[in-house]
Asker: 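After the structure tokens below, expect a handful of questions from me.
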Amino acid sequence: MILPAALLLLGALAAVLAPRLLARADWPDREPVVALWVWQCVVAAVLLCCALSMTFSAAAAWHAVGGHVFATAPGPAVEAYALGTSGPWADATAVTLACGGLWSVAMLAREIVRARARRRHRRAELLLRAPLLPGEAPRSEPLVVLEGERPDAWWLPGTPPQLVVTTAALRRLKGRQLDAVLAHEKGHAQARHDWLLHCSAALADGFPQVPVFAAFRDEMHRLVELAADDVASRRFGRLTTALALVELNEDRGVFGPCPTAHAHVPQRVDRLLTPPNRLTAARRLRLTAAAALVPVVPVLVAFVPGLRALG
């Protein structure tokens, strides 16, 4: 039974080729939302290859598992998978991939727990820096202003979600720049970008030796910012959004010669100051449809022996 090996090989090819093709393409920066979708489909295909390989390896190694997997399959289709010719490697493959799946779930759970702990800490810090007055009800306003000498703004998820802005940022943000910052952060919240970041971080931390997961995490961090920039620029203009980015980050040294943790900000500003060069709607639709077909390929490969037997 060579199907599990073929699925693993297919997953490895997708993990190697897809990031290289996306890195060479010039459209992800122009269409970050489409690029986010493509990356999700590629990673889903890789994980699906591993899951299907684990399933067929377990079915070949243990008759009880095979009976459940092929419980409703016709006899000729079951015979086409040649479950009795797996060899001694099937059980080791199934156990290894199952451990990898459990490890992925554990890493995602750890990432969610850490994110919730960070959120509780930031809300406690917010309450400490801006305490409620005696008899004052908990805040439900979408905007909270903090006294601070450093211009900063961030979105605080939760119930209710809030945008926190320092007084230094208010002094710097002029006109509709504050509205652009609010729209940017709301774009993150409405698209649930936090879940993309959690999933990509869990995979990258759980499997640091797998380059596609590290690239997935890095691209998610970059592309979600570009997508949120587009949300703000569509409502308040590209120049206004770019100026808001400059005002918030100028004191952090991101525009100097030495790279910092916010080194992507100058590229975001340059992108906003460049006239938009979006793909046509037809090409966006083709890319979206093609990406959606990528996770379908492993499923088709898995069904090929059975379809041939029934053909």
Side-chain angles (χ1 to χ4, degrees), residues 19 21-39 142-143 145 148-155 163-194 196-197 200 215-288:
L21 293 175
L22 288 171
R24 293 177 182 176
D26 62 346
W27 59 265
D29 286 0
R30 297 156 60 189
E31 298 293 345
V33 175
V34 178
L36 286 169
W37 169 249
V38 172
W39 268 104
L143 182 64
V145 179
E149 296 300 324
R150 180 179 180 179
D152 203 358
W154 65 90
W155 184 261
L163 175 67
V164 183
V165 183
T166 63
T167 53
L170 289 180
R171 287 193 294 267
R172 287 205 168 200
L173 296 174
K174 302 173 182 65
R176 305 183 76 187
Q177 294 174 7
L178 179 60
D179 295 329
V181 172
L182 179 60
H184 174 100
E185 299 299 338
K186 281 186 175 180
H188 284 312
Q190 292 171 355
R192 301 308 302 268
H193 287 161
D194 54 335
L196 281 178
L197 299 179
S200 61
F216 179 49
R217 175 192 56 194
D218 296 341
E219 284 298 289
M220 289 303 99
H221 280 277
R222 190 178 69 88
L223 291 172
V224 296
E225 295 299 335
L226 299 185
D229 287 344
D230 288 347
V231 171
S233 65
R234 281 195 291 269
R235 291 190 59 187
F236 301 102
R238 300 174 71 87
L239 179 59
T240 300
T241 307
L243 290 175
L245 276 176
V246 172
E247 294 294 345
L248 286 179
N249 294 279
E250 189 174 11
D251 291 343
R252 299 179 182 179
V254 300
F255 298 102
C258 299
T260 66
H262 302 274
H264 60 282
V265 174
Q267 286 77 22
R268 290 167 57 192
V269 172
D270 291 340
R271 175 178 176 271
L272 288 168
L273 294 178
T274 304
N277 184 22
R278 300 194 62 186
L279 302 178
T280 62
R283 189 177 178 190
R284 293 199 300 271
L285 181 61
R286 289 196 299 269
L287 285 170
T288 303

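Owing to the predicted nature of the structure, the values given are computational and were not obtained by experimental measurement.
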Asker: Under 4.5 Å between any side-chain heavy atoms of Met220 and Leu36, yes or no?
Answerer: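 Yes, their side chains come closer than 4.5 Å.
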Asker: Would you please name every residue forming a side-chain hydrogen bond (donor to acceptor under 3.5 Å, both in side chains) with Asp179, sequence neighbours left out?
Answerer: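 Asp179 satisfies side-chain hydrogen bond (donor to acceptor under 3.5 Å, both in side chains) with no residue once adjacent residues are dropped.
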Asker: Excluding sequence neighbours, so at least two apart, what forms side-chain hydrogen bond (donor to acceptor under 3.5 Å, both in side chains) with His193?
Answerer: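 Only His188 meet the side-chain hydrogen bond (donor to acceptor under 3.5 Å, both in side chains) criterion with His193.
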Asker: Would you indicate whether Trp27, at its atom CH2, is surrounded by more than 12 heavy atoms from other residues, nucleotides or ligands within a distance under 6.0 Å?
Answerer: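 Yes, because the 6.0 Å sphere around CH2 of Trp27 holds more than 12 heavy atoms from other groups.
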Asker: With salt bridge (Lys or Arg N to Asp or Glu O under 4.0 Å) as the rule and sequence neighbours excluded, what pairs involving residues 230-245 come up?
Answerer: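 Matches after skipping sequence neighbours: Asp230-Arg271.
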Asker: Looking at Asp229, is its backbone amide N or carbonyl O close enough to the side chain of Thr241 to form a donor-acceptor pair, meaning the two atoms are under 3.5 Å apart?
Answerer: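 Here the side-chain-to-backbone pair does not exist.
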Asker: Answer yes or no: is there an ion pair linking Asp26 with Arg30, defined by an N-O contact shorter than 4.0 Å?
Answerer: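 Looking at Asp26 and Arg30, the cut-off is met.
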Asker: Does any N or O in the side chain of Glu31 come within less than 3.5 Å of the main-chain N or O of Leu279, such that one atom is a donor and the other an acceptor?
Answerer: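 Here the side-chain-to-backbone pair exists.
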Asker: Salt-bridge test for Asp270 and Arg268: reply yes if a basic N is under 4.0 Å from a carboxylate O, no otherwise.
Answerer: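 Judged by the 4.0 Å cut-off on N to carboxylate O distance, Asp270 and Arg268 do not form a salt bridge.
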Asker: How far does CG of Leu178 sit from CZ of Phe236, to the nearest 0.5 angstrom?
Answerer: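 So the gap between those two atoms works out to 9.0 Å.
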Asker: Please report the interatomic distance CZ(Arg171) to OG1(Thr167), rounded to the nearest 0.5 Å.
Answerer: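 OG1 of Thr167 is found 4.5 Å from CZ of Arg171.
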Asker: Would you find a donor on one side and an acceptor on the other, under 3.5 Å apart, between the side chain of Trp155 and the backbone of Glu185?
Answerer: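 No, because the side chain of Trp155 does not come within donor-acceptor range (under 3.5 Å) of the backbone of Glu185.
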